[in-house]
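Any value given below was found using the heavy atoms of this structure, including those in side chains, with hydrogens, waters and symmetry copies removed. Remember, predicted model here, so these are calculated numbers, not experimental data. In the text below, chain A, chain B and the rest are named by the order of the sequence lines, each starting its count at 1.
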2 protein chains.
Amino acid sequence: MSSRSGGDAFPAGPVRWLDEREQRVWRRYLLMTSQLTAQMNRQLAADAGLSLADYEVLVRLTDVPTGRLRVTRLARELSWEQSRLSHHVSRMARRGLVAREECADDGRGALVVLTEHGRATIEHAAPAHVAFVRASVFDALTDAQVDTLDAILGSVLSGLR
Amino acid sequence: MSSRSGGDAFPAGPVRWLDEREQRVWRRYLLMTSQLTAQMNRQLAADAGLSLADYEVLVRLTDVPTGRLRVTRLARELSWEQSRLSHHVSRMARRGLVAREECADDGRGALVVLTEHGRATIEHAAPAHVAFVRASVFDALTDAQVDTLDAILGSVLSGLR
DNA sequence: TTAAGCTAGATGACATGTCAAGCAGATCTG
DNA sequence: CAGATCTGCTTGACATGTCATCTAGCTTAA
């Protein structure tokens with residue numbers, strides 16, 4: 001459990017505990033997200049030797065024609081902290097998936113570039129990954145459920161900022 | 001992006017790429033879950049020096065009257081891998097939140113026990129954490145949305161096993 | 001132009017998670 | 001009851017994330 005119901009050992013205070021239904025939904029939310037992430041990671045690792053994080057980075061790079069992006073821009077696209085990306089790029093570079101390049105415009109800047117190996121790897125990985133997402137998520141839901149999910153994600157996200 | 005639309009650089013094959021709407025929902029799903037987790041972690045860390053994982057462990061232990069559980073049982077309740085739990089218990093024990101105890105029934109077994117400090121910590125952490133979850137999630141959703149979410153979680157989860 | 005302050009990135013320290021291997025105590029079977 | 005096997009748990013190696021800090025290159029304004 002990740003939350004408490006009322007009437008237990010904790011002081012009641014002004015806290016509105018989650019009711020039975022909310023607790024069930026919340027537990028299932030935590031379970032579902034962790035399982036789904038874990039399975040995507042395992043599927044990608046088995047199929048292409050990638051983590052989901054690797055995959056996300058590679059996809060952003062294939063999205064631009066030049067296959068290269070400034071570090072800060074890439075971090076923003078991914079909604080990652082800049083230092084996380086910096087560490088991750090180092091690891092991916094060690095594996096030959098991307099490379100760093102100096103930035104002509106700005107002496108401080110750095111570009112992350114998709115390598116040939118990186119491109120080949122994501123092109124190999126994408127079909128099975130998309131198939132997995134489709135099978136696990138979209139094929140399991142009705143159109144109306146997807147619409148509601150979209151609305152839910154929007155509401156929660158706008159509250160988080 | 002975590003998935004591809006059709007008609008791009010990848011071989012088409014028999015793959016059904018995600019359409020525009022599916023892509024948008026999927027991106028938002030990944031964004032929302034990572035943001036929500038990050039913010040829960042930060043809130044818990046700031047308020048009580050706990051990670052969400054610590055919190056989950058402590059809650060399971062407070063759920064049983066004796067405040068102690070076998071390692072395997074606790075791992076199952078959390079849906080964690082056993083070795084993850086073992087590492088995590090070591091770290092929590094170092095901080096005095098839990099302790100290990102031998103198991104009388106089974107010489108191989110081990111019990112994880114909530115300490116006084118652990119109990120005090122979760123009792124301090126729970127109200128603000130629940131308030132955060134309520135404010136971020138449940139207060140942002142209508143009753144009908146929560147029902148649909150429950151159904152979605154159920155569908156996806158049953159497909160994942 | 002030059003010092004103050006800002007910005008882009010990298011890095012070190014450390015928490016966390018995964019996988020594979022190890023180990024000792026049960027259990028099973030001939 | 002002895003060896004084979006299974007089980008419960010721990011450990012080591014290593015990938016990943018976060019936070020705080022550092023460096024060097026921009027920008028600004030007196």
With a 4.0 Å cut-off on heavy atoms, is A:Ala53 in touch with a base, just the backbone sugar-phosphate, or nothing at all?
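The residue A:Ala53 makes sugar-phosphate contact but no base contact.
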Which part of the nucleic acid, if any, lies within reach of A:Arg42 when heavy atoms closer than 4.0 Å are counted: base, sugar-phosphate only, or nothing?
sugar-phosphate
Taking NZ, NE, NH1 and NH2 as the nitrogens, is one of them in B:Asp54 or B:Arg95 under 4.0 Å from a carboxylate oxygen of the other?
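A salt bridge is present here (some side-chain N lies under 4.0 Å from a carboxylate O).
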Salt bridge between A:Glu81 and B:Arg42, side-chain N to carboxylate O under 4.0 Å?
yes
Hey, can you pull the residues of residues 102-112 of chain B with a non-hydrogen atom under 4.0 angstrom from DNA chain C?
B:Asp106, B:Gly107, B:Arg108
Value in whole Å for how far the C1' atom of D:dC22 lies from CD of A:Gln82:
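Computing the A:Gln82:CD to D:dC22:C1' distance gives 13 Å.
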Is there a side-chain contact between [X] and [Y] in this structure, where contact means two heavy atoms from C-beta onward sitting under 4.5 Å apart?
| X | Y | value |
| --- | --- | --- |
| A:His124 | A:Asp47 | yes |
| B:Ser90 | B:Arg100 | yes |
| B:Leu31 | B:Trp26 | no |

Who are the salt bridge (Lys or Arg N to Asp or Glu O under 4.0 Å) partners of A:Asp147, not counting sequence neighbours?
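With sequence neighbours excluded, A:Asp147 shows a salt bridge (Lys or Arg N to Asp or Glu O under 4.0 Å) to B:Arg21, given in chain and number order.
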Suppose we screen for side-chain contact (heavy atoms from CB on, under 4.5 Å). Which residues come up paired with A:Asp150, at least two apart in sequence or across chains?
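Per chain and number, A:Asp150 pairs via side-chain contact (heavy atoms from CB on, under 4.5 Å) with B:Arg24, B:Val25, B:Arg28.
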Chi angles and distances behind the side chain to side chain contact (heavy atoms under 4.5 Å, CB included) call for A:Leu114, A:Thr66
CA-CA 9 Å; A:Leu114 188 62; A:Thr66 56; over 6 Å; no
D:dC9 phosphate, OP1 or OP2: any side-chain N/O from B:Arg100 under 4.0 angstrom?
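Looking at the OP1 and OP2 atoms of D:dC9, neither is under 4.0 Å from any side-chain N or O of B:Arg100.
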How long is the gap from CD on A:Gln43 to NE2 on A:His129, to the nearest 0.5 Å?
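The NE2 atom of A:His129 is 7.0 Å from CD of A:Gln43, to the nearest 0.5 Å.
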Nearest-0.5 Å distance, CD of residue A:Gln82 to CZ of residue A:Arg76:
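Answer for the CD-CZ pair, A:Gln82 versus A:Arg76, is 12.5 Å.
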Earlier contact from the 5' end, DNA chain C, for B:Glu81 and B:Arg95
B:Arg95
Partners passing ring-ring contact (aromatic ring centres under 6.0 Å, His included) against B:Phe132 (at least two apart in sequence or in another chain)
none
Looking at residues 86-93 of chain A, who's got a heavy atom less than 4.0 Å off DNA chain D?
A:His87, A:His88, A:Arg91
Quick one: how far along DNA chain C does chain A reach, first to last nucleotide 5' to 3', anything under 4.0 Å to a heavy atom?
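Range of nucleotides touched by chain A: C:dT7 to C:dC19.
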Please evaluate the base of D:dC9 for a donor-acceptor partner in the side chain of B:Thr72 within a cut-off of under 3.5 Å?
no
